[in-house]
Amino acid sequence: MEFLKKIEEKWQKRWEEAKIFEADPNPEKPKYFITVAYPYPNSPQHIGHARTYTLADVHARYMRMRGYNVLLPMAFHYTGTPVLAMSKRLAENDEELINDFVNVYKVPKEKLKEFTDPLIMARYFHEEIKEGMRKIGYSIDWRREFTTIDSYYNRFIEWQFNKLRQKGYITCGSHPVGWCLKDGNPVGQHDTIGDVEPEIGEFILIKFKQGKTIFPTATLRPETVFGVTNLWVNPQARYVKAKVDNEEWIISQESTEKLLNQNRKVQVLETFLGKRLIGTFVESLVNQAKIVILPADFVDPKNATGIVMSVPGHAPYDYVALENIKKEHEKLKEYGFKPEKIEQIKPISLIAVPGYSDIPAADVVKKMKITEQLDPKLEDATKEVYRQEFHNGKMKTNTGKYYGMSVAQAREEVKQDLVAEGKATTMYELVNRPVKCRCGEECIVKILQDQWFIDYGKPEWKTLAHKCLNKMEILPEELRTEFEYVIDWLHEKACARKSGMGTKLPWDKEWIIESLSDSTIYMAYYTIARHLKKCQIRPEQMTDEVFDYIFLGEGNIYKVAEKVDLNTEILERMRQEFLYFYPLDSRHSGRDLIHNHLTFMIFNHIAIFPEKLWPRQIVTNGSVMMEGVKMSKSFGNIIPLQEGLEKFGADPVRLSVLSTAELLQDAEFNPHIAKSMIDKLEKLYRFAIQITKIRNKENEKRQVEAFDLVDKWMLSRLQRRITDATEAMEKMSVRKAIHCILYELDQDLRWYQKRTARKHKKDSVKKDVLRQVLETQILMLAPVAPHICEEIWEIIGKKGFISISPWPKPNLEKIDIKAEESEELLINLLEDTENIIKVTKTKPRKIFFYVASAWKWKVYLKALEKSMQGKIELKELIQNALKVGRKPKEVVKFAKKVIEQIKTIPEKKKRNLIKIRGVDERKIIGDAKEFLRGRLQADITVYVERDRGIYDPKRKAAMAMPLRPAIYIE
RNA sequence: GCGGGGGUGUCCGAGUCUGGUCAAAGGAGACAGGCUUAGGACCUGUUGCCGUAGGGCUGCGUGGGUUCAAAUCCCAUCCCCCGCACCA
């Protein structure tokens, strides 16, 4: 472990000194531009983050070895509110957060005090993250680093937004959001206790009249208004009479604040207990029915208006509450009701649902055995009725013009009609309330006014986005449909907030562009970032005209440069560097960003850049699990990256996060896996040392003739592994590549070592083969585990960095089908023999192998050829065989067997066998006699089945098939 | 609800696109043996059921179908995971 550390530091230093990852435009070389979503510096990175970044780095390193001039830059995303929020929580001495910072993130205590300044916190984690990226060995060109609050960057984003606005993609309007009254801020999932997403629903407020006073009853099911039998009010809750806009409303006290935040004018006139309303009558504006107000405990004054219309036929709550109250004679008297009057209230049926009676609410309540209106099971009951009626329900005749409609359709139409006629209005409410802000306050819904949006809903924009997507490579390809879906689904996206760090909206400085909107085309900015600093350009020199020239080639360079007093040469250099690296060849990120960032990137690129500069590829990956649980701060199971590197080393961590899962899946990380990677690398290292120790006296030139079949087999396999690994890397199936390079190749190697263990005389040949394998193996492993590979590269005497050495190409001349078939024969033979030994439970002293005679091979090959051409006719085959075979009986038996067997051979193998005209089984087995004797612990004798003087007491020899020698053990 | 991904042996996990070499790679665990003072590490073997000759049976969520042949193709069905924003 310690030695791994030393190796890492050594090579990181050398890379930096040699500047091998700094990419400048080079017209001689094809470029490849990779970016990965920049990190947000509100905490250190953990092993989970490492997956995405390591994948991008592996991609970069691979492409570099493929001969590309690769640019992999990095920046830091300061934009947004989370740093501010954390800073505030620290200032308030939030214990949980302080604990995280000190014990999990290992922030020195004295540093913590400074973190009440959000910028200091961001800078701290910025450096922390950067340090981690160096220590894990990413091949980043750090000269291009920036943050999103750099003044140049601000100018860049202003340019982008001006562009978007010019193109008509920016709109302004109102928008409902989850809101905390105490903080005065919108509330998203990460701002709530328990990370609950505030779900906003639109309630319909159906108005009932009492004189001039309006009772706005809140419902999600306006179509049931035809079944209203009464209203519900909570007798213990406080209600108010208030002037709302131009009407007088009775509503719960809690609802006044909500209405205020939804842009209504509210003036409270009077406050009283709900009790006072009980027993009074209201009139339906829909059918003029007069209905009574009854008390109900289930009515929650905090939900919407706190006034509920009762539809006992189709709402389980209402049904149970009505049944309850009918039995509570005492209470009824208290309110001055005559029990008989209440008894007369009967549920009204207005929706027909197959499989249910006229009163579905009653069915479900009875089924679930619910008797009390505060029974939590009522939630499920409501859901069931809601779902059934929504999908299968039809409106009955008593619903007038809505008769015959589906519930889904009627709901929409009733809503629209009532609202249009002024008989109803709407109100937003959180449908999953209560949702509590981290400050403890219960969230409400607020309608934000004059909110700025990027309108991703524009059809022509979507069309272009699809066009771009169609041309892009999406890895893994399975997720393409998801992108299609997101493109269609996106609509106006609020693009600015009132707080947080970032760039101000250029035309409305009160607003700050939020983080998902200022991170869509910044990849372009990387191409010029280093010049801005190096040439000491002032931010104000970077006007929109300058950006237009650099990125779009618009305007006259002399005029543009003169206007802002900029050197034309510098301006042109920036333009050329942008044109050299753009378009973006590959964009990496976690797959969770498909729904926003990655798709926004597509939209914004096509909005601003010409088609030939659109992004070319997106690579996404799943997250990292820790013992089966997603690694995240809220689960308390994170391993900070630097801690992980300290414990396990860079290469093992890199291998661990990439080798356990393909792109789409979640990867598993645990100390166990990391440990096994360490072992694996150490083994590889020892193997390398061992090889260098086998000293070779003469030079290493060797004729192919000196190679045995096994040697040829090993080299042949090596070529195939190269092909497979390369193919996997092309698709960023790094897991597959690692398995191929590290595990499958090792398996081959193990077989080779076993086979050659006794061949002392040919050490130099063996060394030559092993060297070739090792060299190829570390070349292919270098993108994933670069440090150890550099070290081994040096040990085996190679010059220069492995990181910029060419990726191996398969040498097709070394692919040796004959050698492969021969070894396969041995592998199968060994397996069969061992199986017999196992089953017979004998300890063999002598083993006899009888290989098929020449005529069988002839027939066999003929059959193979026939099967390749189409069907094999048994008759034809037999006739053919009779010409070469002897006893007809034997021939027929054999031919039948051949036909059976040949069916299961894959085409490829058939072709190979035909090509090499079979193999010399006697020679192969004979040559491997020593090996087989060692493995089977018995004397080995090989015969061809018709050999003279053959020893065959059990008459096994005749059973021999090509590639399947008969076996006799004694 | 909509959209996406997935269900394989004790467990994890390949294989599915391109049907046959698939009782199904590779791990892990378990068992036996070697090494070792002992433990760990390492090495060898076994690990669905039956079988004294390389074989047979069952088997890849469930039920059907196509085919000489299905983990793989088609249809239906059940279950699990993720996303549905104004937030990184």
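In the text below, chain A, chain B and the rest are named by the order of the sequence lines, each starting its count at 1.
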For the side-chain contact (heavy atoms from CB on, under 4.5 Å) test, which of L936(A), I836(A), V942(A) pairs with I847(A)?
->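 That would be L936(A); it is the only one of L936(A), I836(A), V942(A) passing the side-chain contact (heavy atoms from CB on, under 4.5 Å) with I847(A).
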
Distance-only polar pair, side chains of H466(A) and E484(A), donor-acceptor under 3.5 Å |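 E484(A) and H466(A) do have a side-chain donor-acceptor pair below 3.5 Å.
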
How about T79(A) and D518(A): does a side-chain donor come under 3.5 Å of a side-chain acceptor?
->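 Short answer, yes.
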
Considering only side-chain heavy atoms of [X], which listed nucleotide, [options], is closest?
X: S515(A); options: G5(B), A88(B), C42(B); result: A88(B)
X: L479(A); options: G4(B), C84(B), A88(B); result: G4(B)
X: Y485(A); options: A85(B), G83(B), G4(B); result: G83(B)
X: T481(A); options: C86(B), G4(B), A85(B); result: G4(B)

Rounded distance (nearest 0.5 Å) linking atom CG of L826(A) with atom CZ of R935(A) =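 Separation between the atoms: 11.5 Å.
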
How long is the gap from OG on S517(A) to CZ on F453(A), to the nearest 0.5 Å?
->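 Rounded to the nearest 0.5 Å, the OG-CZ separation comes out at 11.0 Å.
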
Pull out every protein N or O sitting under 3.5 Å from an N or O of nucleotides 25-35 of chain B, one pair per line with the distance.
none

Within this structure, what is the [atom1]-to-[atom2] distance between [X] and [N], rounded to whole angstrom?
X: I847(A); N: A53(B); atom1: CD1; atom2: P; value: 16 Å
X: W751(A); N: C43(B); atom1: CH2; atom2: C1'; value: 18 Å
X: N42(A); N: A88(B); atom1: CG; atom2: P; value: 10 Å
X: L84(A); N: A88(B); atom1: CG; atom2: P; value: 11 Å
X: L936(A); N: U44(B); atom1: CG; atom2: P; value: 16 Å
X: R411(A); N: G1(B); atom1: CZ; atom2: C1'; value: 12 Å
X: D724(A); N: A14(B); atom1: CG; atom2: C1'; value: 14 Å
X: D679(A); N: C42(B); atom1: CG; atom2: P; value: 6 Å

Report which part of the nucleic acid K493(A) touches: base, sugar-phosphate, or nothing (heavy-atom distance under 4.0 Å, all strands).
->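 Answer is base: heavy atoms of K493(A) come under 4.0 Å of a base.
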
Indicate yes or no: does [X] engage [Y] in a salt bridge with an N to O separation below 4.0 Å.
X: E823(A); Y: R717(A); answer: no
X: K956(A); Y: D952(A); answer: no
X: E970(A); Y: R845(A); answer: no
X: K683(A); Y: D746(A); answer: no

[atom1]-based separation of [M] from [N] [nearest Å]:
N: G26(B); M: G1(B); atom1: C1'; result: 41 Å
N: G19(B); M: C73(B); atom1: P; result: 9 Å
N: C12(B); M: C86(B); atom1: P; result: 36 Å
N: G39(B); M: A53(B); atom1: C1'; result: 43 Å

Please check if atom NZ in K954(A) has more than 12 non-hydrogen atoms from other residues, nucleotides or ligands closer than 6.0 Å.
->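 Count not over threshold, so no.
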
Counting N and O atoms only, with roles assigned by atom type, does the side chain of [X] sit under 3.5 Å from a partner on the main chain of [Y], one being a donor and the other an acceptor?
X: T81(A); Y: L84(A); answer: no
X: S589(A); Y: T620(A); answer: no
X: R964(A); Y: M959(A); answer: no
X: E921(A); Y: L963(A); answer: yes
X: K462(A); Y: Y456(A); answer: yes
X: Q777(A); Y: I741(A); answer: yes
X: Y428(A); Y: I444(A); answer: no
X: Y968(A); Y: R955(A); answer: no

Protein-nucleotides 70-74 of chain B N/O pairs under 3.5 Å:
none

For RNA chain B, find the residues of residues 960-970 of chain A with a heavy-atom distance under 4.0 Å and give them by number; none if there aren't any.
->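 Within residues 960-970 of chain A, the residues near RNA chain B are R964(A), P965(A), A966(A), I967(A), Y968(A), I969(A).
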
Heavy atom of residues 170-178 of chain A under 4.0 Å from RNA chain B: which residues?
->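 Result for residues 170-178 of chain A: H175(A), sorted by number.
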
Please, what dot-bracket string fits RNA chain B when only Watson-Crick and G-U pairs with both distances under 3.5 Å count, crossing ones use [ ] and pairs to another strand use |?
-> ((((((((.[[[..)....(.....]]]((((((.......))))))(((....)))...[[[[[..)....]]]]])))))))....

Listing time: all N or O pairs from protein to nucleotides 45-52 of chain B that are below 3.5 Å?
unit_1, atom_1, unit_2, atom_2, d
U52(B), O4', V839(A), O, 3.4

Could you pick out which residue, Q451(A) or E482(A), lies toward the 5' side of RNA chain B when each is mapped onto its nearest nucleotide?
->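 So the residue in question is E482(A).
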
Please tell me which of K956(A) and H77(A) maps to the more 5' nucleotide of RNA chain B, matching each residue to the nucleotide holding its nearest heavy atom.
->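 Going by which nucleotide is closer to the 5' end, it is K956(A).
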
Could you check whether the rings of H597(A) and Y522(A) sit parallel, tilted or perpendicular, using 30° and 60° as the cut-offs?
->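 Aromatic pair H597(A)/Y522(A) classed tilted.
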
Parallel, tilted or perpendicular for W489(A) and H491(A), by the 30°/60° rule?
->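 Ring orientation, 0 to 90° scale: perpendicular.
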
